[in-house]
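Working notes for the structure below.
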Amino acid sequence: MDAFYVSVELLRHPELRGKPLVVAHDGPRGVVTTASYEARRFGVHSALPMVTARRRCPQLQVLPVDMQLYRRGSEKVMQTLREFSDTVEVVGLDEAYVDLSRSPVPQSRALEIKRRVREETRLVCSIGLGPNKLMAKIASDLDKPDGLFVLTARNWLEAVGDRPASLLPGVGPKTSARLSAIGIETVAELAGADRAQLERSFGPRQGEGLRSRANGVGPDSLTTVRTRKSESRETTFPEDVTDREQLTGTLVRLGRSVCESLEAHQSAGRTITVKIRLRGFRTHTRSRTLEAPTRDPDTVSRVACELLERFDPPDPVRLIGVGVAGLEDEEAEHANGPASAAPVVEGEPAGPLTLL
DNA sequence: TCTGGGGTCCTAGGACCC
DNA sequence: TCTGGGGTCCTAGGACCC
C-alpha cells in the first residue's frame with residue numbers, strides 16, 4: 001500500500017489531501033511513521049525525528065497514530081486480496097504477497113487487484129510481479145505510487161543492475177558500507193562479485209546469500225500462516241529517567257500489557273527479556289528462561305524487576321521494555337498431531353507472485 | 001538530525017551433555 | 001595428564017524490516 005497510514009487518514013480528513021502530511025508519534029522524541037508524497041518532497045520520510053521534519057517543512061500537518069483504524073483498513077485490503085488467491089502471505093499491515101502462479105494472465109489479474117482494492121477501500125497500491133518473492137517485492141518498489149512493474153530473470157539486471165545494492169532486502173546501511181569497502185556499489189557488481197572475496201568478507205552463509213539475491217534468486221513459495229514467536233512492549237520516556245520507582249512501575253505496567261495480549265491469544269512464553277536504552281542510545285537486554293511458559297502478570301513483573309536490578313542502571317534511562325519469547329500457544333500444545341505442526345504452506349513451484 | 005514501537009533472524013560464546 | 005567432536009540450550013548483541 002502506498003503511504004498506507006497517511007492514505008487511510010486522508011479518507012476521514014479529505015481537506016488535507018495534497019498537503020505535506022505525516023502520521024507521527026508527536027512529542028519531544030517523536031519520529032515520522034509515514035509521510036505523504038507531498039511531505040517526501042521536503043525530505044520528510046519514515047523514522048525521521050519530528051524535530052527535523054518540522055524544520056524541513058514548517059507547514060507540515062501532523063496526525064497522531066491510530067493503529068486501530070489502520071488495522072481495520074488492513075483487514076479490508078487483505079480480505080480483498082483473498083478474492084484473488086487462497087495463498088496470501090501478509091507481511092505487516094500494508095504489505096502482502098499473493099500467489100498468482102495459477103493464473104494464465106497474471107498481469108491482468110494484477111491490474112484487477114489494483115482496481116478491486118481501490119473500489120473496496122478507496123486506497124491506492126503498487127504491485128510488483130515476479131517469479132519469486134524477492135523479485136516481486138523489488139518490482140513493487142520500482143513504480144510507486146499506484147504502479148505495476150514486472151521483473152523476470154530476463155529483465156532483472158537491465159532493470160536493477162545499476163541501482164545501489166541496498167535495493168535488495170536485507171542489505172541495510174551496515175552491509176552497504178561493508179560492500180562499498182570492497183568496491184561493490186551496485187546490484188550488478190554484487191551479482192558478479194568474486195565468491196571467494198564475498199566469503200572472506202561476510203562468511204560463507206551471508207556471502208553466498210548476498211550474491212544470490214543480487215542475481216534475483218529468492219523464495220518461491222509463500223508462508224500463509226505465521227506463528228508469533230515473541231511479544232513485547234516498550235516505551236521511550238519524554239525525558240530520561242533515573243528514579244527506580246518510576247522504572248519498576250513502568251516495567252510492571254508494560255508486563256501486564258504483554259500478558260493481557262498473551263491471554264487474548266491463549267499463548268505463553270518461557271523467556272522474559274528486559275530492554276533498556278540509556279542516554280547515548282546504547283541499548284542492552286537481560287533475559288531469563290523459566291522452566292515453563294507463563295503469561296502470569298505477577299511472574300512476568302517479578303522476573304522483569306529482578307532483571308532490571310542486574311543493570312543497576314548507572315546512567316539515565318531513555319527507554320524501557322519487557323518481552324516474552326519462546327511462545328507456545330495452547331492449541332499447538334494439546335494437539336500434537338503433525339497437522340498442527342505444519343504452519344508453512346508450500347506454494348506452487350516457481351510462478352508469478354504479486355506483492356502489494 | 002538525534003533518533004518510535006513491534007517484530008524476525010543471525011552470530012558467537014559459554015555451559016553442559018554424550 | 002591433557003585432550004576430540006558434535007549437539008543443544010541459553011544469553012547478549014546486532015542488523016534489518018514494516
_Pairing donors with acceptors under 3.5 angstrom, does anything connect the side chains of A:S212 and A:N215?_
no
*What does A:R54 touch in the nucleic acid at a heavy-atom separation under 4.0 angstrom: a base, only the sugar-phosphate, or nothing?*
nothing
*How close or far is atom P of C:dC17 from atom NE2 of A:H45, stated in whole angstroms?*
15 Å
_I need the CG-P distance between A:L168 and C:dA15, as an integer number of Å._
18 Å
*asked:* Nearest whole Å is fine: how far is B:dG4 P from A:E239 CD?
replied: 15 Å
*Considering only side-chain heavy atoms of A:K174, which listed nucleotide, B:dG7, C:dC16, B:dG4, is closest?*
C:dC16
_Pi-cation contact, A:F281 with A:R277 (under 6.0 Å, within 45°)_ = yes
*Any A:R277 side-chain N or O less than 4.0 Å from OP1/OP2 of B:dG4*: yes
*In whole angstrom, give the distance that lies between atom CG of A:L60 and atom C1' of B:dT1.*
15 Å
*Does OP1 or OP2 of B:dT11 have a side-chain N or O of A:R205 closer than 4.0 Å?*
yes
*Which listed nucleotide (B:dC2, C:dA15, C:dC10) is nearest to the side chain of A:T175?*
C:dA15
*When you check the phosphate oxygens OP1 and OP2 of B:dG7, does a side-chain N or O of A:S232 lie under 4.0 Å from one of them?*
yes
*Mind checking the CG-CG spacing from A:D2 to A:D94? Nearest 0.5 Å is all I need.*
9.0 Å
*asked:* Strictly below 4.0 Å: does A:R286 bring a side-chain N or O up to OP1 or OP2 of C:dG13?
replied: yes
*Taking any strand in view, what nucleotide pairs with B:dC18 in a Watson-Crick or G-U wobble way, both distances under 3.5 Å?*
C:dG5
*Within the pair A:R233 and B:dG5, is there a side-chain N or O less than 4.0 Å away from OP1 or OP2?*
no
*What integer distance in Å separates A:K133:NZ from C:dC17:P?*
14 Å
*Among the nucleotides C:dC17, B:dG4, C:dT11, which one has an atom lying closest to any side-chain atom of A:R288?*
C:dT11
*Could you work out the separation of C:dC2 and B:dC16 based on their P atoms and round it to a whole Å?*
22 Å
*asked:* Measuring from the side chain of A:A47 (C-beta onward, heavy atoms only), which nucleotide among B:dG4, C:dC18, C:dC17 has the closest atom?
replied: B:dG4
*Can a donor-acceptor pair be found between the side chains of A:S101 and A:D99 at a distance below 3.5 Å?*
yes
*Give a yes/no on whether any side-chain N or O of A:S230 is located under 4.0 angstrom from OP1 or OP2 of B:dT8.*
yes
*Could you check how far CD1 of A:I272 sits from P of C:dT11, rounded to whole Å?*
11 Å
*Indicate whether OP1 or OP2 belonging to C:dC10 is found under 4.0 Å from a side-chain N or O atom of A:R270.*
yes
*Think A:R55 has a side-chain N or O under 4.0 angstrom from the OP1 or OP2 of B:dC2?*
yes
*Side-chain N,O (A:R310) to OP1/OP2 (C:dT11) below 4.0 Å*: no
*Consider only side-chain N and O atoms of A:S267 and A:E328, and report whether a donor and an acceptor are under 3.5 Å apart.*
no
_Of the listed nucleotides C:dC16, C:dA12, C:dC18, the one nearest the side chain of A:E95_ = C:dC18
*Is it the case that A:T289 and A:T271 place a side-chain donor and acceptor less than 3.5 Å from each other?*
yes
